[in-house]
Structures are given as structure tokens and as C-alpha cells.
Visitor: 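One structure, as C-alpha cells, below. Some questions next.
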Amino acid sequence: MSVSRSELRKKCMIILYQIDLHKTLKTPYEIDELIQDNLEIENEFVKEIIYGVTTHQNELDEQANKYVKDWTIERIDKTGAAILRMAIYELKFTKTPPIVIINEAIELAKEYSDDSVRKIINAVLDKMIKE
């Protein structure tokens, strides 16, 4: 049974959200355990995204904050922040076509964030690819 990349990105968003929650609450967590809890089978794409985002989070946040007017990624809801970090990571570090990354991020944002967050995500990613 193959799982679509869209489904895998949704799983990544959930795992990144959980990591953010653990950090906020200062509770211990194991990245591999969180990945296992959310996936039926091991998946390299998910591991790459989760480890990539957590490893490069400061850099990803700086990138996001550079493009957000009068706002910071820390002020966006945790779900929106997870989606944005994931998309920026994919744009910077993978060969996935930018149009695919942006469409996927916007679809996730439509489903899990409010309209203002979706617009922020769209604006940041749009400015990034034009650079």
C-alpha cells in the first residue's frame, strides 16, 4: 500500500506540531518515537523532512521572518508554523518542484489553519521562489 506525498506531508505537519508542543511544554520526546507513533510503516521522506526541519529550524525561521511583514513565525499558530517550516525546508533542501511544494502547503493550510495564516504562508513562499 503506497501513501501519497500529500498524506505524508500531513503526517509531517502533525509530527512537527507535536515536537513544537513538547518544546513549549518542556517535556522530553524522542523524534523517532513520534515518527513511529504517526506512521504505519517507516518512511524515508517523512524522516528526511522531520530531521531536516528540526536540524535547520533556526535557519528556516530566519528565512520565514525575512518575508513576513510585521510578524514572526513564532506568532503563527503551531500548525501553520509546521506547514511553513516544512515548505521552506523542501524549497531549500530538496529537488521537489516549487509549484508542488507551494500547492501542498496551501492545501494543508486551507485544511488546518485560518485564512490569515494561509495568506502568510502563501506570501512567504511566493517571495522565496521569486528571489
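Keep in mind it's a predicted model, so treat the numbers as computed, not measured. Hydrogens, waters and symmetry mates play no part in the numbers below; they use all other heavy atoms, side chains included.
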Visitor: Report the C-alpha separation of Glu59 and Lys92 in whole Å, then their side-chain angles, then the decisive distance to 0.1 Å, and conclude whether the salt bridge (Lys or Arg N to Asp or Glu O under 4.0 Å) test is met.
Guide: CA-CA 10 Å; Glu59 186 185 336; Lys92 288 185 70 123; 3.4 Å; yes

Visitor: Would you say Ile73 and Val68 make side-chain contact, with heavy atoms under 4.5 Å?
Guide: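 Counting from C-beta outward, Ile73 and Val68 never come under 4.5 Å.
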
Visitor: Take Gln18 and Asp37 through the side chain to side chain contact (heavy atoms under 4.5 Å, CB included) test and state the conclusion after the steps.
Guide: CA-CA 11 Å; Gln18 292 171 340; Asp37 291 347; 5.8 Å; no

Visitor: Going from CE on Met86 to CD1 on Ile50, what distance comes out if it is rounded to the nearest 0.5 angstrom?
Guide: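 With rounding to 0.5 Å, CE (Met86) is 7.5 Å from CD1 (Ile50).
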
Visitor: Hey, could you give me the CG/CG distance between Asp32 and Leu34, rounded to the nearest 0.5 Å?
Guide: 9.0 Å

Visitor: Which pair of heavy atoms, one from Ser6 and one from Glu104, lies closest together, and at what distance?
Guide: OG-OE2, 2.7 Å

Visitor: Can you tell me how far CD1 of Ile15 sits from NZ of Lys47, rounded to the nearest 0.5 angstrom?
Guide: 11.0 Å

Visitor: Verify the neighbour count for atom CD of Glu42: are there more than 12 heavy atoms of other residues, nucleotides or ligands below 6.0 Å?
Guide: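 Counting neighbours around CD of Glu42, 12 or fewer heavy atoms of other residues, nucleotides or ligands fall under 6.0 Å, so no.
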
Visitor: Going hydrophobic residue to hydrophobic residue with side-chain gaps under 4.5 angstrom, can you get from Tyr17 over to Ile31?
Guide: no

Visitor: Which pair of heavy atoms, one from Val117 and one from Gly80, lies closest together, and at what distance?
Guide: CG1-CA, 3.8 Å

Visitor: Using a 4.5 Å cut-off on heavy atoms from C-beta on, say whether the side chain of Val100 contacts that of Arg5.
Guide: no

Visitor: Between Ile101 and Ala87, which heavy-atom pair has the shortest distance, and what is it?
Guide: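 Minimum heavy-atom separation between Ile101 and Ala87: CG2-O, 3.5 Å.
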
Visitor: Take Ile35 and Lys11, measure what side chain to side chain contact (heavy atoms under 4.5 Å, CB included) needs, and give me the verdict at the end.
Guide: CA-CA 9 Å; Ile35 292 172; Lys11 299 277 189 191; over 6 Å; no

Visitor: How far does CG of Leu60 sit from OG1 of Thr55, to the nearest 0.5 angstrom?
Guide: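 The OG1 atom of Thr55 is 9.5 Å from CG of Leu60, to the nearest 0.5 Å.
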
Visitor: Strictly below 4.0 Å, N to O, side chains only: are Lys23 and Asp20 in salt-bridge contact?
Guide: no

Visitor: One thing to verify: whether Glu111 and Lys10 come together as a salt bridge, which I'm taking to mean a side-chain N less than 4.0 angstrom from a carboxylate O.
Guide: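 Salt bridge between Lys10 and Glu111, a charged N being under 4.0 Å from a carboxylate O: yes.
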
Visitor: Measuring from Glu107:CD to Ile83:CD1, what's the distance to the nearest 0.5 Å?
Guide: 10.5 Å

Visitor: Considering only heavy atoms from C-beta outward, does the side chain of Glu90 approach that of Arg9 to under 4.5 Å?
Guide: yes

Visitor: I'd like to check Leu125 versus Leu84 (side-chain heavy atoms, cut-off strictly below 4.5 Å). Are they in contact?
Guide: yes

Visitor: Where the side chain of Asn103 meets the backbone of Ile99, is there a donor-acceptor pair that is under 3.5 Å apart?
Guide: yes

Visitor: Transitively linked via ILVMFWY side-chain contacts under 4.5 Å: Ile106 with Ile129?
Guide: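 Looking at the clustering, Ile129 is in the same group as Ile106.
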
Visitor: With sequence neighbours excluded, tell me which residues meet side-chain hydrogen bond (donor to acceptor under 3.5 Å, both in side chains) with Asp61.
Guide: Arg85

Visitor: Would you find a donor on one side and an acceptor on the other, under 3.5 Å apart, between the side chain of Asn38 and the backbone of Cys12?
Guide: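 No, Asn38 side chain to Cys12 backbone: no donor-acceptor pair under 3.5 Å.
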
Visitor: With Tyr29, which residues qualify under ring-ring contact (aromatic ring centres under 6.0 Å, His included), at least two apart?
Guide: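 Only His22 meet the ring-ring contact (aromatic ring centres under 6.0 Å, His included) criterion with Tyr29.
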
Visitor: Any idea which heavy atoms bring Tyr89 and Ile49 closest together, and the distance?
Guide: CD2-CD1, 3.9 Å

Visitor: Test: ring-ring contact (aromatic ring centres under 6.0 Å, His included). Region: residues 37-86. Which pairs qualify, not counting sequence neighbours?
Guide: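 Every pair satisfying ring-ring contact (aromatic ring centres under 6.0 Å, His included) with a residue in residues 37-86: His56-Phe93.
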
Visitor: State, with a plain yes or no, whether a side-chain heavy atom of Leu91 is found less than 4.5 Å away from one of Gln63.
Guide: no

Visitor: Passes side chain to side chain contact (heavy atoms under 4.5 Å, CB included), Ile121 versus Leu108? Steps please.
Guide: CA-CA 10 Å; Ile121 291 170; Leu108 280 172; over 6 Å; no

